[in-house]
2 protein chains.
Amino acid sequence: MLYCQIMTPFDRPPVGMNLARTSKVVAQAFDAAMVEAGGTLPVWLTLLSVKSKELANQRELAGMIGIQGATLTHHLNAMEAQGLLTRRRDPENRRVHQVALTEAGEAMFERLRKAALAFDKRLRTGIPDDKLAEFAEVLAALRRNAEPPQS
Amino acid sequence: MLYCQIMTPFDRPPVGMNLARTSKVVAQAFDAAMVEAGGTLPVWLTLLSVKSKELANQRELAGMIGIQGATLTHHLNAMEAQGLLTRRRDPENRRVHQVALTEAGEAMFERLRKAALAFDKRLRTGIPDDKLAEFAEVLAALRRNAEPPQS
DNA sequence: ATCTAATCATTAGATATCTAACTTTGTCTT
DNA sequence: AAGACAAAGTTAGATATCTAATGATTAGAT
């Protein structure tokens with residue numbers, strides 16, 4: 001048994017490991033759903049961040065979806081090459097690139113949005129809302145506990 | 001607001017997104033703890049799998065920690081080069097490579113095990129055990145709901 | 001007004017992961 | 001016993017991510 005070397009008090013695998021495994025399985029399934037709709041998980045997140053705050057700078061966009069600026073640059077390059085979005089310098093501050101979706105980008109967003117909503121519904125089947133609320137609370141607590149690396 | 005385009009019934013971000021973000025933050029914090037103890041997250045998982053079932057074949061080991069065989073090969077190459085483990089062919093079935101820890105590998109395992117246990121304790125602070133049990137149940141439900149891609 | 005700092009983005013190089021193709025070895029069928 | 005098929009691992013090539021270094025532009029200080 002994998003966990004016998006690190007078993008927690010109540011014979012459950014460590015919560016972090018359980019979290020990571022579940023997240024991986026769910027993310028892979030979500031990515032498959034996005035591919036079926038013509039995109040990918042990171043493309044969906046990028047579109048979502050751009051739609052949520054058009055004209056935001058790239059650091060803000062990256063922060064919204066939990067990746068680094070350099071990673072976002074990569075996705076934006078690919079998506080710009082695909083014709084999903086455009087970048088142009090802000091005339092007010094020529095350091096920032098303003099990102100905007102093209103028509104094709106808007107269409108892709110709509111397709112992926114429908115697929116994402118369907119996936120979320122499927123993911124929640126059989127789980128009552130009060131359970132989901134408590135689940136979200138524990139997730140928040142885990143984030144809080146993970147953050148302070150030194151104290 | 002990032003979620004306004006995909007808001008779920010009760011004004012909460014989609015559960016899958018919440019799960020992924022939390023898992024990423026927690027995994028990064030865990031990796032930092034492993035680095036502080038002289039290893040990395042994947043090295044820890046690899047050691048754990050080998051310790052859990054010595055002489056297992058590599059597919060079994062990979063499956064235990066949720067990665068593909070090809071990915072495990074990569075880690076084993078690096079760890080063998082570091083002198084943490086050895087591979088030799090099983091005389092009974094020369095297709096399989098038997099993996100075993102060296103003394104240095106055992107020592108690394110002990111160090112990382114202590115760090116992993118400490119991390120798990122820190123991660124659980126302030127979360128009562130019944131909450132954790134319900135949390136694990138929801139994780140299991142999410143895994144189940146994610147799996148059936150077509151039906 | 002110029003020099004220094006900070007900010008935004010990109011580039012470069014590393015790690016971790018996946019899938020698909022390939023090699024070696026073993027099993028099964030006829 | 002030969003040939004086809006299956007299994008275990010590795011290799012090759014792709015994607016996603018990170019950190020650190022670099023370039024361009026702006027803001028601030030003296």
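Letters A, B, ... are given to chains in the order of the sequence lines, protein chains preceding strands, and every chain is numbered from 1. From a predicted model like this one, the values you see are computed outputs, not experimental measurements.
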When Gly69(A) and Asn93(A) are each assigned the nearest nucleotide of DNA chain D, the 5'-most assignment goes to Gly69(A)
5'-most contact on DNA chain D (nearest-nucleotide basis), Leu45(A) vs Arg95(A), goes to Leu45(A)
5'-most to 3'-most nt of DNA chain C touching chain A (<4.0 Å, heavy-atom partner on protein side) reads dA6(C) to dC18(C)
Expected label for dA16(D) (glycosidic angle, syn inside 90° of 0, else anti) would be anti
Using a heavy-atom cut-off of under 4.0 Å over every strand shown, decide if [X] touches base, sugar-phosphate, or nothing.
| X | value |
| --- | --- |
| Ile67(B) | sugar-phosphate |
| Arg89(B) | nothing |
| His75(A) | sugar-phosphate |
| Leu72(A) | nothing |

Whether over 12 other heavy atoms sit under 6.0 Å from Arg59(B) CZ
no
inquiry  = Can you classify the ring geometry of Phe30(A) versus Phe119(A) as parallel (below 30°), tilted (30 to 60°) or perpendicular (above 60°)?
reply    = perpendicular
Heavy-atom nearest nucleotide on DNA chain C taken for His74(B) and for Thr73(A); more 5' hit belongs to Thr73(A)
With sequence neighbours left out, the residues meeting side-chain contact (heavy atoms from CB on, under 4.5 Å) with Ala20(A) are Ser23(B)
Whole-Å distance, Gln58(B) CD to dT11(D) C1', equals 13 Å
In whole angstroms, the gap separating P of dA6(D) from CZ of Arg59(B) amounts to 13 Å
| message | Just N and O in the side chain of Arg87(B): are any of them under 4.0 Å from OP1 or OP2 of dT10(D)? | response | yes
Quick check on dA20(D): is either OP1 or OP2 less than 4.0 Å from any side-chain nitrogen or oxygen of Gln68(A)?
no
All heavy atoms of Ala29(B) vs all of Ala146(A), minimum pair found to be CB-O, 3.5 Å
Minimal heavy-atom distance between Ser49(B) and Ile65(B), with the atoms involved, is CB-CG2, 3.8 Å
The nucleotide from dT26(D), dT11(D), dA8(D) with an atom nearest the side chain of Arg94(A) is dT26(D)
Practice item. Determine, using the 4.5 Å side-chain heavy-atom cutoff (strictly less than), whether Ile127(B) and Phe135(B) are members of one ILVMFWY cluster. Key: yes
Exercise. Going through the checks in order, is the salt bridge (charged side-chain N to carboxylate O under 4.0 Å, His left out) test met by Glu110(B) and Arg113(B)?
Worked result: CA-CA 5 Å; Glu110(B) 267 315 307; Arg113(B) 184 171 144 274; 2.8 Å; yes
| field | Chi angles and distances behind the side chain to side chain contact (heavy atoms under 4.5 Å, CB included) call for Met17(B), Leu48(A) | value | CA-CA 12 Å; Met17(B) 197 172 223; Leu48(A) 184 59; 3.5 Å; yes
DNA chain D in dot-bracket form (Watson-Crick or G-U pairs under 3.5 Å, [ ] crossing, | inter-strand) is |||||||||||||||||||||||||.||||
Between Leu139(A) and Val15(B), does the side chain to side chain contact (heavy atoms under 4.5 Å, CB included) criterion hold? Intermediate values first, please.
CA-CA 10 Å; Leu139(A) 286 179; Val15(B) 60; 5.5 Å; no
